Amino acid sequence: MFISVQNKVVRSEIAETLFICDLNKCKGACCTFESKYGAPLREDEIGKIDEILEEVKLYLSKTNVDAIEKHGYYDKLDDELLISSIDKKDCVFVFYENDIARCAIEKAYMEGKTNFKKPISCHLFPIRITDFGGDVLRFEKFDECEPALEKGTAENVTVAEFCAEPLERLYGDKWYLDFKKAIER
């Protein structure tokens, strides 16, 4: 089933699936999925990351900084921009804190050193957006997120509620309010 809100199509599992990230259990798996490429990146995010890159590098390992300096932090594949990965696993912006993979971009933001939180595709996770002549939002399920499904069930929080902040960031407060009305949540 699909829900349409202001020309955006949302698959119903976003409103129905119970989900809250549990970093203590998953260890930041979304930042370390095995793949040649990392998360999608928007064209307008490149300039924002370029502006804060030196600040972000302060949180990264020498391996990650060297990779960024040698190859850059993103790749282009079939006209899609994707964040680079290290050894087909870690996002190039990953650092580890207490054995949990974390985002150096977000760390710099949380410490007040930048004004860019992180790429919207990362902020929206586990929601992914596909363009079919307009945005279509879907829930992307991964085995590594099983603890998030358990925590969401325990706390009765849906993906839509868990992702309220990035949805508002992307589409605005009015869109999110209209979405909440449409899903009766």
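The structure displayed is predicted, hence computed values, not measured ones.
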A.B. asks: Assess the residue pair E150 and T153 against the criterion (side chain to side chain donor-acceptor pair (under 3.5 Å)); give the C-alpha distance rounded to whole Å, side-chain angles, the decisive distance to 0.1 Å, and a yes or no.
C.D. replies: CA-CA 5 Å; E150 293 167 7; T153 299; over 6 Å; no
A.B. asks: One pair to check against side chain to side chain donor-acceptor pair (under 3.5 Å): S84 and D75. What are the steps and the verdict?
C.D. replies: CA-CA 6 Å; S84 300; D75 298 287; 3.0 Å; yes
A.B. asks: Heavy atoms, side chains only, cut-off 4.5 Å: are M1 and E13 in contact?
C.D. replies: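 Side-chain contact under 4.5 Å: no.
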A.B. asks: Does S4 use its side chain to pair, donor to acceptor, with the backbone of N7 at less than 3.5 Å?
C.D. replies: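 A pair under 3.5 Å: no.
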A.B. asks: For N64 and C91, work out which heavy atoms get closest and say how close.
C.D. replies: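 Result for this residue pair: ND2-O, 3.7 Å.
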A.B. asks: Please walk me through it: do K174 and L177 pass side chain to side chain contact (heavy atoms under 4.5 Å, CB included)?
C.D. replies: CA-CA 5 Å; K174 170 89 171 80; L177 287 173; 5.8 Å; no
A.B. asks: In sequence, state the C-alpha distance, the side-chain angles, and the governing distance for R102 and V94, and then conclude on side chain to side chain contact (heavy atoms under 4.5 Å, CB included).
C.D. replies: CA-CA 5 Å; R102 298 195 178 266; V94 159; over 6 Å; no
A.B. asks: For residues C122 and A39, report the shortest heavy-atom separation together with the two atoms involved.
C.D. replies: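 Looking at all heavy atoms of both residues, the closest pair is SG-CB, 3.7 Å.
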A.B. asks: Suppose clustering is done on Ile, Leu, Val, Met, Phe, Trp and Tyr with side-chain heavy atoms closer than 4.5 Å. Which residues sit in the same group as L82?
C.D. replies: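 Listed partners: Y37, L77.
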A.B. asks: Which hydrophobic side chains are connected to I86, either touching it within the sub-4.5 Å cutoff or through other members that do?
C.D. replies: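 Taking Ile, Leu, Val, Met, Phe, Trp and Tyr as members, I86 shares its hydrophobic cluster with L41, I46, I49, I52, L53, V56, L60, V65, I68, Y73, Y74, L81, I83, V92, F93, I105, F116.
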A.B. asks: Strictly below 4.0 Å, N to O, side chains only: are E34 and K88 in salt-bridge contact?
C.D. replies: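 Salt bridge between E34 and K88, a charged N being under 4.0 Å from a carboxylate O: no.
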A.B. asks: Which donor-acceptor pairs under 3.5 Å do the side chains of residues 134-147 make with protein atoms, sequence neighbours left out?
C.D. replies:
unit_1 : atom_1 : unit_2 : atom_2 : d
D135   : OD2    : Y171   : OH     : 2.6
R138   : NH1    : E140   : OE1    : 3.1

A.B. asks: Which pair of heavy atoms, one from I3 and one from A15, lies closest together, and at what distance?
C.D. replies: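 For I3 and A15, the tightest heavy-atom pair comes out as CD1-CB, 4.3 Å.
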A.B. asks: Between K62 and D66, is there a salt bridge with N-O shorter than 4.0 Å?
C.D. replies: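 Result for this pair is yes, salt bridge flagged.
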A.B. asks: Taking everything shown except D50 itself, do over 12 heavy atoms lie less than 6.0 Å from its CG?
C.D. replies: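 Yes, the 6.0 Å shell around CG holds more than 12 heavy atoms from other groups.
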A.B. asks: Which heavy-atom pair separates F162 from F19 by the least distance, and what is that distance?
C.D. replies: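 Heavy atoms of F162 and F19 come nearest at CB-O, 3.4 Å.
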A.B. asks: I'd like to know if I127 and V5 are part of one continuous hydrophobic network [Ile/Leu/Val/Met/Phe/Trp/Tyr, side-chain heavy atoms within less than 4.5 Å].
C.D. replies: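 Same cluster.
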A.B. asks: How is the hydrophobic cluster of L23 composed, in terms of its other members, when Ile, Leu, Val, Met, Phe, Trp and Tyr link through side-chain heavy atoms under 4.5 Å apart, directly or indirectly?
C.D. replies: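 Joined to L23, directly or through intermediates: I100.
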A.B. asks: Are E165 and R169 ion-paired here, with the side-chain N under 4.0 Å from a carboxylate O?
C.D. replies: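 Here E165 does not pair with R169 in a salt bridge, since their nearest N and O are not under 4.0 Å apart.
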A.B. asks: Thinking salt bridges, do D87 and K89 make one under a 4.0 Å N-O criterion?
C.D. replies: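 Looking at D87 and K89, the cut-off is not met.
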A.B. asks: Of all the heavy-atom pairs spanning L124 and P166, show the shortest one and how long it is.
C.D. replies: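 Taking L124 first and P166 second, the nearest heavy atoms are CD2-CB, 3.7 Å.
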A.B. asks: For D44, does the CG atom sit with more than 12 other heavy atoms under 6.0 Å from it, leaving out its own atoms?
C.D. replies: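 Counting other residues, nucleotides and ligands, CG of D44 exceeds 12 neighbours.
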A.B. asks: More than 12 heavy atoms of other residues, nucleotides or ligands under 6.0 Å from NZ of K25: yes or no?
C.D. replies: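 No, NZ of K25 has 12 or fewer neighbouring heavy atoms, counting only those of other groups under 6.0 Å.
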A.B. asks: Under the side chain to side chain donor-acceptor pair (under 3.5 Å) rule, what do Y59 and E106 come out as? Steps first, then yes or no, please.
C.D. replies: CA-CA 10 Å; Y59 300 96; E106 185 174 31; over 6 Å; no
A.B. asks: Does a side-chain heavy-atom distance below 4.5 Å link E97 with K107?
C.D. replies: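 Side-chain contact under 4.5 Å: yes.
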A.B. asks: Before you tell me yes or no, could you show the steps for F179 and I14 under side chain to side chain contact (heavy atoms under 4.5 Å, CB included), namely the whole-Å CA-CA distance, both residues' side-chain angles and the distance that decides it to 0.1 Å?
C.D. replies: CA-CA 11 Å; F179 175 53; I14 290 173; 4.2 Å; yes
A.B. asks: According to a 4.5 Å side-chain heavy-atom criterion applied to Ile, Leu, Val, Met, Phe, Trp and Tyr, with indirect links allowed, do I120 and W175 form part of one hydrophobic cluster?
C.D. replies: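 Same cluster: I120 reaches W175 through Ile, Leu, Val, Met, Phe, Trp or Tyr contacts under 4.5 Å.
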A.B. asks: Can you find a heavy atom in the side chain of S121 that is under 4.5 Å from one in the side chain of E45?
C.D. replies: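 Not in contact.
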A.B. asks: Nearest heavy-atom pair of S85 and S35: which atoms, and what distance?
C.D. replies: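 The answer is OG-O, 3.1 Å.
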A.B. asks: Rounded to the nearest 0.5 Å, how far apart are CD of E111 and NZ of K113?
C.D. replies: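 It is 4.5 Å, given to the nearest 0.5 Å.
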A.B. asks: Is there a path of hydrophobic side-chain contacts, each under 4.5 Å between heavy atoms of I/L/V/M/F/W/Y residues, joining I129 to L167?
C.D. replies: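 L167 clusters together with I129.
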A.B. asks: Measuring only between side-chain heavy atoms, which start at C-beta, is P126 closer than 4.5 Å to V159?
C.D. replies: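 Yes. Closest side-chain heavy atoms under 4.5 Å.
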A.B. asks: Among all residues two or more places apart in sequence or in another chain, which pass the ring pair (Phe, Tyr, Trp, His ring centres under 6.0 Å) test with Y96?
C.D. replies: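 Testing Y96 for ring pair (Phe, Tyr, Trp, His ring centres under 6.0 Å), a comparison that skips the adjacent residues, returns none.
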A.B. asks: Verify, without hydrogens or angle tests, whether D131 (side chain) and G133 (backbone) share a donor-acceptor contact under 3.5 angstrom.
C.D. replies: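 Judged by distance alone, yes, a pair lies under 3.5 Å.
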A.B. asks: Listed by chain and number, what are the salt bridge (charged side-chain N to carboxylate O under 4.0 Å, His left out) partners of K27, not counting sequence neighbours?
C.D. replies: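 K27 satisfies salt bridge (charged side-chain N to carboxylate O under 4.0 Å, His left out) with no residue once adjacent residues are dropped.
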